Amino acid sequence: MLRLFLLSLVVLIPLVAADWRVGVAKLKITPQGPIWMSGYGNRNKPSQGVVHDLWAKALAVEDKKGHRAVIVTTDLIGLPRAVSEQIAAEVQKRYNLPREALMLNSSHTHTGPMVRENLMTMFDLDAEELQRIRQYSQTLTNTIVEAIGGALGNLEPANLSFGKGQADFAINRRQTTPKGVVIGLNPQGATDHEVPVLAGRKPDGTLKAALFGYACHNTTLTGEFYRLSGDYAGFAQIAFEKAHPEAVGMFMILTGGDQNPNPRSKEELAIQHGGELATAVDAVLKTTMSPVKGPVRFSYQVTDLAFQPHTREDFEKELQSPLPAKVRRAKEMLKAYDERHPVTKVQYPVQAIRLGKNVTYVALGGEVVVGYGLRTKREFPAENTVVAGYSNDVMCYIPTTQIIKEGGYEAVDSMIYYGQPGPFALDVEDRIMAKIHDVMKRVGRSK
Ligand SMILES: [Zn+2]
C-alpha cells in the first residue's frame, strides 16, 4: 500500500511541480544569397557569404490561468514597426495572442541584412537590391510568425527561474573631444554590465530555454566585414547551445544605444565577447536562481515623441550638403512638407511583461541609450527589472535629455540615416519615463 502511494507520488510530482507551461522554437532567417547589409553607411556592395546562420527564436510562457506571453529574439539590425505590426496582427489572428503579450526584440547585428525601410536613408539602392530586401522582409515576417506558432505549439509543463550575472566588454562610446562628442571610447561614461538570465526548465530539471540580455551595440564587426553573422550575440548563442544542446539560447539586446563592445573590428573578438557572455550565462545557471511564479501580466502603450521645430528652408539648404545621405533625408522631408504632413513626431511603443512578482521585462522601441535602463531599474528597485531597447520598432536613437543637450551621433547625426528630421525635443526622456511608469502600473508595479 505504501509502495503504491509512493509510486503515485512519483507520477504526480512532475505534474504538481510545474508553475508554467513553456514552449520554445527557433527558425533560420539567414538570407539566401547576397543581400545589402545594414548598419554601416560605408558599405558599397552586398553580403559575401555567411559566418553562421541568423535565427528567429520564440519563448512562450503560459501561467496556470492560461494567460500567455511570447518573447521573440532575432539576429537582425532592427524590426521596423511595419514588420512588427504585420507579425502581431497575424499572430493575433492565428493564435489569438493579444498585441500587448508579444514582445519583438532585434539584436542589432551590423552584419545582418537590411530589413524593409529600417535605416533606408543610409544607402542609395537600385531597384534590384530593393526588391531583394522586400522579398527577404516578407519571408522573414512569415518565418517569425511560424516561430511564434512553434513555441505556442510546444508548450509543456516547466518552471521559470531568474538570476543575474555580469560581462565586462561593453564600454560607453560617447567620447568628449574639443570638436564635441564623437563615437570613441569613454571609460568614465555610464555602462550597465548586468546579464539577466531567465531559465525555463522541465520538471525533471532539464534546461529547455535560457533568455539572456546585455546592454551593448552588436558591432564588434565593423563596416569592412561582408559575411553575414549575428556578431557577438550570435557567437554567444552558439557557444551557449553548444554547451547546452538540449536547450535554446536567446539573446535580447538591452539599452545599448551608446555602448560598444571593446575592443572590436576582428572576428576573433566577436567570438571572444560572445564566449564571455555565454560563460556569464552559464555561471548564473549554476547558482540557485530565484523561482519565478505566475501570473503573467502585460501592457503595451504608445506615446508621441516630438522633434525640435524645423522649417522647409532647413531642408532646402540641406539639399546642397556634400553628404549623400543628408540629401536623401532632405528630399524625404521636403516631400513630407509638400504633402502637408511635415514629420514632427514619432509614435513610440513602451511595453511591460511581468512574470509573477519576480521580474518585469520593459521593452522600449528604438536605439535606447543606457541611461534609460539604469534610471528605470533605479526607480523600480523592489523587483527585478530588465529593460530592453530595439523592441517592437526601431525608428531612431532614443537619447536622454542630457545627451540631446550634449549632441553627438546618438542625438543628431544618426537621425539622418533613420530619415528623421533632427534632434528630439528636450521632453523626450520625461515622456518615455512617464509611459514606463504607466505600463508598470498596469502590470501591478508601483514606484
Ligand atoms: Zn546602432
Side-chain angles (χ1 to χ4, degrees), residues 36-43 54 73-81 83 104-123 169-175 181-186 189-192 213-225 228-234 251-262 264-265 270 273 325 329 346 348 363-373 387-400 403-404 407-420 423-424 428:
W36 213 270
M37 298 163 84
S38 192
Y40 297 115
N42 65 340
R43 289 248 164 79
L54 309 181
T73 63
T74 54
D75 295 308
L76 292 170
I77 187 80
L79 287 166
R81 183 163 53 130
V83 174
L104 298 163
N105 184 267
S106 46
S107 77
H108 202 48
T109 175
H110 281 45
T111 41
M114 294 197 64
V115 181
R116 209 145 133 186
E117 65 269 33
N118 179 264
L119 281 168
M120 203 45 108
T121 320
M122 195 169 249
F123 306 103
F169 61 86
I171 191 164
N172 191 298
R173 69 182 200 184
R174 287 179 52 80
Q175 188 179 340
V181 178
V182 300
I183 294 187
L185 299 176
N186 178 8
T191 57
D192 184 356
Y214 196 52
C216 183
H217 252 70
N218 208 358
T219 47
T220 320
L221 302 173
T222 30
E224 66 277 21
F225 287 86
L228 294 165
S229 83
D231 204 285
Y232 79 76
F251 173 81
M252 168 191 280
I253 195 168
L254 308 180
T255 52
D258 53 352
Q259 311 286 308
N260 261 347
N262 183 48
R264 55 202 283 254
S265 292
H273 298 324
R329 192 256 301 260
V346 291
Y348 189 70
L364 304 174
E367 300 207 35
V368 186
V369 298
V370 76
Y372 285 94
V387 187
Y390 304 83
S391 298
N392 300 310
D393 186 9
V394 183
M395 69 306 277
C396 60
Y397 273 83
I398 305 297
T400 53
I403 289 180
I404 298 172
Y409 184 78
E410 293 83 0
V412 184
D413 297 339
S414 60
M415 291 294 186
I416 301 165
Y417 307 107
Y418 275 105
Q420 303 291 11
F424 274 124
V428 155

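What you see is a predicted model, and the numbers here were worked out from it, not measured in a lab. Residues: numbered from 1 along the sequence shown. As the structure lists them, so they are numbered: ligands from 1, and atoms in each ligand from 1. Atom set for the values below is all heavy atoms of this structure, side chains included, hydrogens, waters and symmetry mates excluded.
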*Would E367 and Y418 count as having a side-chain donor-acceptor pair, cut-off 3.5 Å?*
yes
_NE2 (H108) - the Zn ion (ligand 1) - OH (Y397) angle, nearest 10°_ = 170°
*Residue pair S107 / N218, side-chain donor-acceptor N/O under 3.5 Å*: yes
*asked:* Can you tell me how far apart CG (L54) and CG (D231) are? Round to the nearest 0.5 Å.
replied: 11.0 Å
*Say whether S106 and T74, considering side chains only, have a donor N or O and an acceptor N or O under 3.5 Å apart.*
no
*Decide, counting backbone as well as side-chain atoms, whether H217 has an N, O or S atom less than 2.8 Å from the Zn ion (ligand 1).*
yes
*When you measure from the Zn ion (ligand 1) to each N, O or S atom of E367, which atom gives the shortest distance?*
OE1
